[in-house]
Amino acid sequence: MAEPLPDWSERFLAAHGLAPEYILDAQKWFDPMARTIAAHFGGASRPVLLALNGSQGSGKSTLCDYLIALFENHYRRRCVVLSLDDFYLTAAERQGLAQQVHPLLRTRGVPGTHDMALMRGTIEALLAGEDVRIPRFDKARDDRRPEDEWDEISGQVDVILFEGWCLGATGQSSAELLRPVNRLEADEDPDGKWRDYVNSVLVREFPPLYQLVDSWVMLQAPSFECVYGWRLEQERKLAARRSGAGVMSDEQVARFIQFYQRLTGHCLDTLPAKVNHLFALGADRAIHSYTYTEGVRV
C-alpha cells in the first residue's frame, strides 16, 4: 500500500494546478537530491547556495517551489529563491546598451543584459545573513518592478535556490563565435559584435558568481528543438491567463528563442559533465535519469 502524501503536498499541488502524480515523481527523483543537500545543513557556517540550470520551459520554477516546500516543511529550513530573470537591467538601461553597443542588447536574456553588481550584492548579502531586498522583474512590462514591490528578506536563511537558463555557462572560443547558429545571428549580427560582447561578459563577470555556489543542478533538455516547443507552450498558457501587452505570438516566440539558442546549446553540450545533480529529461519533460556526482566543477 502506498504511503499517504505529506500534508503540505496538497497545498503545493493546488497552488500549481498539478496532479498528485507530480509528488510521486518528485519523491522519486528530487527527494534523494534534497537529502544530499540537507546533509550539509548541520556543519554549514552560511546558507547553502544551490544553482539550477535549465532551458526555458524545462520546469525550473516548479522544481524550486517543490524544494522550498520540502525544505521548509520536512527539514524545517528557511529558504529563498532567486531567478536570473529578476536581475535584468531596466528597459532604459538596455536601451542605452542598444544604442552604445548593439541593437540586439535591447532584448533581455543573454549575459550583458543583467545587473551583475545587483545580482552579486544580493547573493552575498543573503550569504552573510543580512537583511536583503530582492528585485523582481515584470515580464509583462519588460522592466524591473519599482523598489517598493521588491521582496524583503530579514535575517538568516538556510537555503538559497538560484535558477537561471544560462547559469553555469562558460565562454566560447573565437572559432565557435564565428559561425552564426541561426537566422537572427546571421542577419542581425553579421559581424559578430553582439555575440562577442555577450561572450566577454560571460567570461569576465560570471565566474566570480559561480565560485559562491555550493551545489549545481541541471534539468537537461534532449535538444534545442524541444526547448522551442516548451517555450511556445509557456507562452500559450500565459495567453490563456491574460491578454494584451507582454504576450507573444508564435512568430514572436520563434524569434525570441533565437536569442537563447547559442548558449542553450553550449550548456547542453558542456554542462552535463560538470554539475553535481543531473536530471535528463525527455521531450515530454519527464525525467529519464538522475546522476549525482560529488564535488563542484563548474
Side-chain angles (χ1 to χ4, degrees), residues 33 49-64 82-85 87-88 104 107-114 116 119 161-182 184-185 189 194-232 234 253 256-283 285 287-293 295-298:
M33 174 180 69
L49 177 57
L50 183 70
L52 170 61
N53 173 284
S55 58
Q56 295 186 30
S58 61
K60 297 187 300 299
S61 297
T62 306
L63 172 54
C64 283
L82 305 176
S83 173
L84 189 67
D85 293 353
F87 294 95
Y88 285 134
L104 290 178
T107 300
R108 68 179 189 262
V110 296
T113 63
H114 302 90
M116 298 301 294
M119 187 189 305
L161 303 174
F162 185 31
E163 59 91 357
W165 73 277
C166 66
L167 286 180
T170 52
Q172 293 184 287
S173 67
S174 298
E176 289 173 307
L177 294 171
L178 279 177
R179 184 179 63 84
V181 298
N182 54 36
L184 177 82
E185 291 189 359
D189 186 39
W194 172 68
R195 51 191 186 267
D196 282 341
Y197 179 83
V198 171
N199 196 63
S200 69
V201 172
L202 187 60
V203 169
R204 183 178 66 251
E205 299 190 32
F206 276 72
L209 191 69
Y210 297 164
Q211 294 303 311
L212 301 175
V213 175
D214 298 298
S215 191
W216 287 90
V217 183
M218 183 180 190
L219 296 175
Q220 181 190 17
S223 68
F224 183 76
E225 288 68 31
C226 286
V227 174
Y228 169 66
W230 295 346
R231 184 62 182 83
L232 197 61
Q234 276 187 324
V253 171
F256 183 66
I257 199 72
Q258 292 184 63
F259 284 82
Y260 296 77
Q261 183 173 355
R262 173 175 291 276
L263 285 182
T264 297
H266 184 51
C267 286
L268 292 177
D269 289 340
T270 61
L271 269 187
K274 299 178 181 179
V275 298
N276 306 111
H277 305 274
L278 177 67
F279 297 92
L281 309 181
R285 275 178 296 219
I287 299 172
H288 287 190
S289 66
Y290 165 53
T291 303
Y292 170 62
T293 305
V296 176
R297 292 175 289 168
V298 169

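If you're wondering where the values come from, they're calculated on a predicted model, not measured in any experiment.
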Would you call the rings of His277 and Tyr290 parallel, tilted or perpendicular, taking 30° and 60° as the class edges?
parallel
So, for Gln258 and Leu184, which heavy atoms are closest and what is the spacing to 0.1 Å?
OE1-N, 2.9 Å
Donor-acceptor under 3.5 Å (Asp214 side chain, Leu50 main chain)
no
Would the distance check show the side chain of Glu163 and the main-chain N or O of Lys60 forming a donor-acceptor pair, the cut-off being under 3.5 Å?
no
When rounded to the nearest 0.5 angstrom, what distance separates CZ in Phe224 from CG in Asn182?
7.5 Å
Close side-chain approach of Val110 and Tyr197, heavy atoms under 4.5 Å:
no
Between atom CG of Leu178 and atom OG of Ser173, what is the distance when rounded to the nearest 0.5 Å?
8.0 Å
Is the closest side-chain heavy-atom distance between Tyr228 and Gln261 below 4.5 Å?
no
Side-chain donor/acceptor of Ser58 to backbone N/O of Ser55, under 3.5 Å:
yes
Do Arg195 and Pro180 come within less than 4.5 Å of each other through their side chains, counting heavy atoms only?
yes
Could you state the interatomic distance from CE (Met218) to CG (Leu281), rounded to the nearest 0.5 Å?
9.0 Å
Between Trp216 and Leu278, is the side-chain contact (heavy atoms from CB on, under 4.5 Å) condition met? List the steps.
CA-CA 9 Å; Trp216 287 90; Leu278 177 67; over 6 Å; no
Would a distance-only check, ignoring hydrogens and angles, find a side-chain to backbone donor-acceptor pair under 3.5 Å from Asn53 to Gly168?
no
Looking at Trp165 and Gly57, would you say the former's side chain and the latter's main chain have a donor-acceptor pair under 3.5 Å?
no
Look at the rings of His114 and Tyr88 and say which category their plane angle falls in: under 30° parallel, 30 to 60° tilted, over 60° perpendicular.
parallel
Closest non-hydrogen contact found for Ala283 with Pro222 is N-CG, 3.8 Å
Minimal non-hydrogen separation, Pro111 against Leu202, with atom names:
CG-CD1, 4.0 Å
Atom CG in Leu161, atom CG in Leu52: separation rounded to 0.5 Å?
8.0 Å
Between OG1 of Thr107 and CZ of Phe256, what distance do you get to the nearest 0.5 Å?
7.0 Å
List the atom pairs, donor and acceptor, that lie under 3.5 Å between side-chain atoms in residues 262-270 and the rest of the protein, sequence neighbours left out.
{"unit_1": "Arg262", "atom_1": "NE", "unit_2": "Glu185", "atom_2": "OE1", "d": "3.4"}
{"unit_1": "Arg262", "atom_1": "NE", "unit_2": "Glu185", "atom_2": "OE2", "d": "3.0"}
{"unit_1": "Arg262", "atom_1": "NH1", "unit_2": "Gln172", "atom_2": "OE1", "d": "3.2"}
{"unit_1": "Arg262", "atom_1": "NH1", "unit_2": "Glu176", "atom_2": "O", "d": "3.0"}
{"unit_1": "Arg262", "atom_1": "NH2", "unit_2": "Arg179", "atom_2": "O", "d": "2.8"}
{"unit_1": "Arg262", "atom_1": "NH2", "unit_2": "Glu185", "atom_2": "OE1", "d": "2.8"}
{"unit_1": "Thr264", "atom_1": "OG1", "unit_2": "Tyr260", "atom_2": "O", "d": "2.7"}
{"unit_1": "His266", "atom_1": "NE2", "unit_2": "Thr170", "atom_2": "O", "d": "3.0"}
{"unit_1": "Thr270", "atom_1": "OG1", "unit_2": "His266", "atom_2": "O", "d": "2.7"}

Please round to the nearest 0.5 Å and tell me the distance separating atom CG of Leu209 and atom CG of Leu167.
7.0 Å
